[in-house]
Structures are given as C-alpha cells and as structure tokens.
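Sharing a structure, written as structure tokens. Questions coming.
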Amino acid sequence: MAYNLCSSPSSLYQPLCNTLSSSSRDSKPRTVNNNFYHSLKLNTLSPQSRITSLQVTNVSLQDQKSPQEEISKDSNFSEKNESSSKSHIWVNPKSSKASILRKSSYDARYASLIKAANSLDSCSPNKDAVFNILGEFGNKLFEQDAVVILNNMSNSDTALLALKFFQERLEFNREVVVYNVTMKVLRKCRDLDKVEKLFDEMIERGVKPDNVTFSTIISCARFCNLADKAIEWFEKMPSFGLDPDDVTFSTMIDSYGRVGNVEMALSLYDRARTEKWRLDATTFSTLIRIYKVSGNFDGCLNVYEEMKALGVKPNLVVYNTLLDAMGRARRPWQAKKFYQDIIDSGLSPSQATYAALLRAYGRARYGEDTIKTYREMKEKGLSLNVLLYNTILAMCADLGFVDEAIEIFEDMKSSGICPDSWTFSSMITMSSCCGKVSEAENMLNEMFEAGFQPNIFVLTSLIQCYGKTQRIDDVVKTFNRLSELLITPDDRFCGCLLNVMTQTPNEELGKLVECVERANPKLGHVVKLLVEEQGNEGSFKKEAADLFDSISTEVKKAYCNCLIDLCVNLNMLERACELLDLGLTLEIYTVIQSKTSTQWSLNLKSLSSGAALTALHVWVNDLSKALEAGEQLPPLLGINTGHGKHKYSEKGLANVFESHLKELNAPFHEAPDKVGWFLTTKVAAESWLESRKLADATVAA
C-alpha cells in the first residue's frame, strides 16, 4: 500500500483532528426551554393512533459508538487545527526510503498510541506503571494523543491514572473532551460511582460539561439499570445551561418508563413522533412493557407495528416482551406468531424466550404446544425454575396429561429443583381426578416429607379423590383436618363436598350432610331439606335462592348442577325442576331453549348429566303442551349436548344422552355432520309425543 505523509510535522495529527471534529449525530441539540422536563405536555395516548408516518432511522441510543465518532460539534478542538495544511505527498512503497518514511506516517503514529492503550489496560493499576508507559513518548504527546489513548482503553483504574498524567503534562484546548472519553472508559466498566466522582472533579477544575458529558453519564446509568439515576442526571442539564438533543430525549423514554413515570414516558414518545426523533429497539421495548403492565395489550401490538413501519428492527428483548404480554393477555396464537418471527429473523431464542412461551401456552392450556416447548428447552440444555415447572404441571393437571406430568415431575427432581407446595398440589389434583387414591396419598406423604403442610387446594383434591372411589369415611377424616390446620372452607371446597354427595350411596349421605352443614350452614340447610325430604315448594325455592345470593358467581352453576344431580339421584324430579327454573330465573343458566322458524333446540352444554336430563324432561313437556295448544312444530328439532369429553373420562354428555334417548325410544339421532347434535323431524317428533301421551293415559287409567 502507499503511505500518505503529511507535508509538515504539525499536520501529523490533522487527520485525527478531522475525525474527532466530525459530529456523530445528524441533528444539532434541540432548543427547548430550560424547564423542558416540567413543561412537557402530558397527553394520554390512544393506542389506535400510534401508527404514524414518522420517518426515522434505526439508531442505537445506547451510545455505543466509538468515542472518536461520538465527540460532537460542541466538543471540537479549536478551529486553528482545522485550518492546518492538508496537503499530502504520495510515496512509492517500493522505494528504498519507504520504510524510513513509514515510521513518520500517521498510521504508524496511531498504531503506537493504540499499543500504549493496550499496555495501560494490562499494566498494574498504580501510578508508576502508568506513568512509565506514557513517559516513553517524552514530550511528544499532544491533546489529540491523549484522546486516542483514552478512547481505546477499557481499564477504569489505569484510565484515571492516565488522565492524571495528561493533566500534569499537557495544556488542553478542550479539556472536556478528555474528560468525556475517560468517562466512556468508566461506562464500559459499568462504574457509575467513578463517573459521578469524575464529574465532580470536572466542576472543581472549572471544566464546563457539555451534552456529550451528560449523555455519557445518562447512558452509563442506563447500562447499570439505574433508571432513576439517569433521570436525576437528565434533569440536571438545564442547571448547566444545556438542552438535551433528540437522542438523549429518546433515551429518557426508556428511563422514565422503567421507573414507572408512564405519563412522562408517553409524553416524550408523543414528542418523538411529532419531531421525528431517532428511536432504538430498547425504547420500543420499554413502551411495549408500559402498555403490558397497564393491561393495554392492543397498545403493545400497535407499538410493535409502528416500530416496523419506522424501519427499526426488533431485537430479542422486544420479542420477549411481546411474548410475555401475549401470555398475560391469554393470546397464545399471537405468542406463537411472534416466536415464528424470531426464528424467521435469524435470532436465537433465549431462556427468557422459552420461559415466556411456556407461560403463554400454559396459562391458555395449549397442552401440546407447552409440552413441545418444554422438550425443546431440555434438548437445548436450558434450565427451568420451579415457577415454570409449576406452570406446566398445573396445565397437565387441568388437561389430564397424566404421563407427561409424571415425567416432568421426575425430571424436575433429577434437575435439582425442589418441588414446592404448588407442585405437590398439582400432582395430587391430577391423581385425585383419576381416582388414583394410592398415588395421591403417596404424593401427600412426599409433601409432608418435604416440609409442606397441605393447603385448601390439596384437601379439596383429596376429598374429590376419596369421593370418586366412595371412601366416605376418608372424606370425613380429610374434612376434619381443616379445623386441625386452621383452614376455613371456601366456596370451591364446599362445592367439592356437594359434588361428592352426588356420587355417594344414599345410605351414607348423612355423614356428608353434617360436614356440609359445618362448612356452609346455608348450603347444609338446603341439602338437608333434599335428603330428608323436608319443606314445601315455596320454602325450598326461597332457601335455595338465599343460598345462591350468598355464594360467589363463579360457583353458582356448579352448585346448581350438583343440587339438581342430587335430586335426580333421590328421584325428586319436581325439586330438580324447581331448581332448574330457579337457575333460569337467576340467570345461572341462559338460553337452554331456543326457537327459530325452522328449528327448535335444547342447548345442554355446560349442564351436568342430571341437570341435562331435567332440562330434557321440561322441554318434552313444553313440546307436548305446544301441540295441545295447536301450535305447529318447526321442520327440525335438535338437542345440542356439545362434543367435549371430560378430561379424565372418555364419557361426555353426548354419550350419556344417547343411551337415555334410546331408553325413551325418542326419535332423536346423532347428526353425522354436526358433532354433539341429536336431530329429528317434525313428523317423527309429533308421532313420538302422541305415543307418549297415549302411554301416559293408559298408565293413568
């Protein structure tokens, strides 16, 4: 290669001066009122209005450019340096004098400065070692040399000593530049304390800080995850007569968002959109997080779309924040889409990525996706914490993924993760739902050995398990443990007791009535009226209505279903009909019967088997009354049982109903193209209803 030789010794440093004097930012500092952070207009953002035509470029606000590039126009050296001669001569590298001239070239000079910086980074952090290295330059060091050396250092201790050396040997035109590059060394080391002390030294020496000084301190605080410190320094700028530029303003969107000052963060974001500030991916990640915390999940998506429209490439932090937001929103389909975007963009999913995916899929009960993600994590050697294991196991318990849960539980223990009370609760719940008494009891014993006492959820699951296997004495023993553990029965626990009664032989119901009375006196009174066949229609409905008024909304349907099932088991059809009517009146059940001009339907989804059979009985009577009144039936009649099966059983309501319809000799048949529907025609229904009428008349006679 050819070497450019400066025409005068003094211009050896001119190329460096020219480099240092170039601005790293395309825009000058914005002129704003010194009370800019007080006078910002705080606007409430409308997520739908977020997407604008703002044209910005993808510029990092983490201030990670080389200090050579970051020294802005207000940090330039004196203009007399810029006016130095820029003439050069070309030297043939094949010339015999080339090696001699090469030693005088700027490239050689710069290389020696870099070498000195490397030596300073690796030397002992004491004055003698640092001064000896720099002393080798003699009196041939200049201000520009000091900037180059400090700019290329990464050892904060030796950098501070090097600064002392330069201050003792050199006279500076722009001492603030030397301080700025020294601060950037400290920033590399994430040492905000030393940065702040160096700032105090600047002030004591009468050196006025500039915008680069503050942007360096603010970005250092940001790197240290000290958003409150970043704000503190940001708000000091007006007292030094400085107005932040748009890059600093944009950085503060992230800082204000991190400390929870949402109004200020969004207000600055409004200004960014209006004034076309340059925003980076980290700032957008913070904005997405702000919307996530507030529960505005559509706002998260709007920010993401705006980010893409502005040409800012999402990084993994942005995607992970979006995944977490979609998990909280229970939108697993969107989480799946963002995960695919990560893969398509060439990014490698991190542990945080998989953790967010597991939470999103687990909460939404996306069973297969959850298990797939778990296996992928294990294949990549990524670890899970107890919370993630619990998320997966709770999902397995809810969906009946028994084999998978056992495998994951064993993996959890072999990985050195200690199960907690929630872990054992999920495993006991799963065994209980399967009616596996010994497995549930073994898990309970393991829970005791681990030092945990059963909570209300564990005891509820155990009662369900004993009830499913009709071990009523064990149900009573488990109930008695509540008082021993000072646990107060809640609505769900009482609902579980009530459900056990629907599976209990009539001769043992008395044992459970006493438990129910102790757990919930109002529920116990209603149950006692049924079991002991007490009270008339009016008094029973009033007591039942009082009960439903006293319990939480989410358990009302379960209570009503169980009470109707209990009536059916006790052959108390009239009471069952009273409860169904009360459920409709109180809107516990809605739209069980529906009518159109072409079809009358009975909708039984979400009803228990006893409640569904009771609803069928009422509907058939209503159809008979309609015919007697001369009303025309529609061309089609249908019963919708839904197509779902119980997660721990192969039997669904459709299976139960199919056999019952055969017993009634009803002309309803399962529709081949509509799963869970049983249909019949007007002619067949009328014929069947007429035959039932004749049969009833014969029996009565």
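Just so you know, these numbers use all the heavy atoms, side chains as well, and skip hydrogens, waters and symmetry mates.
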Note to self: Just so I know, are the side chains of L509 and I472 near enough to count as touching, which here means a heavy-atom distance under 4.5 Å?
What the structure shows: no

Across all chains, not counting sequence neighbours, the salt bridge (Lys or Arg N to Asp or Glu O under 4.0 Å) partners of E658 are none

Next item on the list: Give a yes or no on this: more than 12 heavy atoms of other residues, nucleotides or ligands lie within 6.0 Å of atom NZ of K308.
Entry: yes

Point to revise | Test item: side-chain donor near acceptor, Y291 and N302, under 3.5 Å | key: no

Requested in this report: For the residue pair V476 and E514, establish whether any side-chain heavy-atom pair is separated by less than 4.5 Å.
Outcome: no

Between F668 and F678, the two heavy atoms sitting closest are CD2-O, 3.6 Å

Q) Are the charged groups of R375 and E368 less than 4.0 angstrom apart, N to O? A) no

Query raised in the report: When you check the side-chain N and O atoms of N506 and N569, is any donor under 3.5 Å from an acceptor?
Result: no

In this structure, OG1 of T423 is separated from CG of D420 (nearest 0.5 Å) by 4.0 Å

R328 meets the salt bridge (Lys or Arg N to Asp or Glu O under 4.0 Å) criterion, sequence neighbours left out, with D324

Interatomic distance, CD@Q453 vs CE@M447, rounded to 0.5 Å, equals 8.0 Å

Exercise for the section: Could you check if a side-chain atom of L661 sits within less than 4.5 angstrom of a side-chain atom of L616, using non-hydrogen atoms only? Expected result: yes

Evaluate the side-chain proximity of I371 to I408: yes if any heavy-atom separation is below 4.5 Å, no if none is.
-> yes

For S348 and L316, the nearest pair of non-hydrogen atoms, with its separation, is O-CD2, 3.4 Å

inquiry  = Assess the residue pair S350 and T353 against the criterion (side-chain hydrogen bond (donor to acceptor under 3.5 Å, both in side chains)); give the C-alpha distance rounded to whole Å, side-chain angles, the decisive distance to 0.1 Å, and a yes or no.
reply    = CA-CA 5 Å; S350 65; T353 308; 3.2 Å; yes

Item checked: Residue E508 excluded, over 12 heavy atoms near CD under 6.0 Å -> yes

In this structure, CG of N520 is separated from SG of C494 (nearest 0.5 Å) by 5.0 Å

Once the angle between the rings of F284 and Y269 is folded into 0 to 90°, is it parallel (under 30°), tilted (30 to 60°) or perpendicular (over 60°)?
-> perpendicular

Subject >> Steps toward side-chain contact (heavy atoms from CB on, under 4.5 Å) verdict (C577, T614) >> reply: CA-CA 6 Å; C577 292; T614 303; 4.0 Å; yes

Any side-chain donor-acceptor pair under 3.5 Å between Q351 and S383?
yes

By side-chain hydrogen bond (donor to acceptor under 3.5 Å, both in side chains), S601 pairs with (sequence neighbours left out) Q599

Checklist entry - Is it true that atom NZ of K413 has more than 12 heavy atoms of other residues, nucleotides or ligands lying nearer than 6.0 Å? => result yes

Looking only at heavy atoms, the pair that brings T321 and K292 closest together is O-CD, 4.2 Å

query = Should N455 and L459 count as side-chain neighbours, where that means a heavy-atom distance under 4.5 Å?
reply = no

Check: N442 and E446: side-chain donor and acceptor closer than 3.5 Å?
Finding: no

Sequence neighbours excluded, the answer for salt bridge (Lys or Arg N to Asp or Glu O under 4.0 Å) partners of K557 is none

Between Y304 and F338, does the ring centre distance come in under 6.0 Å? yes

- Message: Does either side chain, that of Y361 or that of K372, offer a donor lying less than 3.5 Å from an acceptor on the other one?
- Response: no

Contacts of D673 meeting salt bridge (Lys or Arg N to Asp or Glu O under 4.0 Å) (sequence neighbours excluded), chain-then-number -> none

If you define the side chain from C-beta out and look only at heavy atoms, does anything of I392 sit under 4.5 Å from L358?
yes

- Residues, nucleotides or ligands: over 12 heavy atoms within 6.0 Å of E410 CD: yes

ask   = So, Q470 side chain and Q503 main chain: donor-acceptor pair closer than 3.5 Å or not?
value = yes

inquiry  = Go through it in stages, so that I can follow the logic: the residues are Y589 and N561, the test is side-chain hydrogen bond (donor to acceptor under 3.5 Å, both in side chains), and I'd like the CA-CA distance, side-chain angles, deciding distance and then a yes or no.
reply    = CA-CA 10 Å; Y589 303 121; N561 278 340; 2.7 Å; yes

Closest non-hydrogen contact found for N603 with V591 is ND2-O, 3.3 Å

Open item on the list: Could you check whether any side-chain N or O of S425 sits under 3.5 Å from a backbone N or O of S421, counting only pairs where one atom can act as donor and the other as acceptor?
Closed with: no

Quick one: are L563 and L547 in side-chain contact, heavy atoms under 4.5 Å?
yes

One should read off an interatomic distance between C562 SG and N499 CG, to the nearest 0.5 angstrom, of 4.5 Å

Note: I456 and P489 closest approach over all heavy atoms is CD1-CA, 4.3 Å

Taking NZ, NE, NH1 and NH2 as the nitrogens, is one of them in D298 or R331 under 4.0 Å from a carboxylate oxygen of the other? yes

Before giving the answer on side-chain contact (heavy atoms from CB on, under 4.5 Å), spell out for L579 and C567 the whole-Å C-alpha distance, their side-chain angles and the decisive distance to 0.1 Å. CA-CA 9 Å; L579 283 168; C567 290; 3.7 Å; yes

Of all heavy-atom pairs linking D280 and T283, the shortest is OD1-OG1, 2.7 Å

Can any side-chain N or O of R330 pair as donor or acceptor with the backbone N or O of R363 at less than 3.5 Å? yes

Review point. Centres of the W422 and F457 rings: under 6.0 Å?
Key: yes

| task | Start with the C-alpha gap between N640 and L602, add the side-chain angles, then the distance that decides, and say whether side-chain contact (heavy atoms from CB on, under 4.5 Å) holds. | result | CA-CA 6 Å; N640 181 14; L602 178 64; over 6 Å; no

Residue pairs meeting salt bridge (Lys or Arg N to Asp or Glu O under 4.0 Å), one or both in residues 477-492, sequence neighbours left out, come to none

CG (L192) and NZ (K229) are apart, to the nearest 0.5 Å, by 6.5 Å

- When you measure from the side chain of S414 to the backbone N and O of D411, does any donor-acceptor pair fall under 3.5 Å? yes

Just by distance, with hydrogens left out, do N480 and R518 show a side-chain donor and acceptor under 3.5 Å apart? yes

Requested in this report: Before giving the answer on side-chain contact (heavy atoms from CB on, under 4.5 Å), spell out for T286 and Y256 the whole-Å C-alpha distance, their side-chain angles and the decisive distance to 0.1 Å.
Outcome: CA-CA 9 Å; T286 298; Y256 278 114; over 6 Å; no

> Is there a side-chain contact between L384 and K378 (heavy atoms, below 4.5 Å)?
Replying inline: yes

Practice task
Verify whether one side chain among S285 and T282 offers a donor that lies under 3.5 Å from an acceptor in the other.
Solution key: no

Output for pair (Y374 OH, E404 CD), nearest 0.5 Å, gives 11.0 Å

Do E441 and Y466 get their side chains close enough for a donor-acceptor pair, meaning under 3.5 Å? yes

- Query: If you measure only the distance, is there a donor-acceptor pair under 3.5 Å linking the side chains of S432 and S461?
  - Reply: no

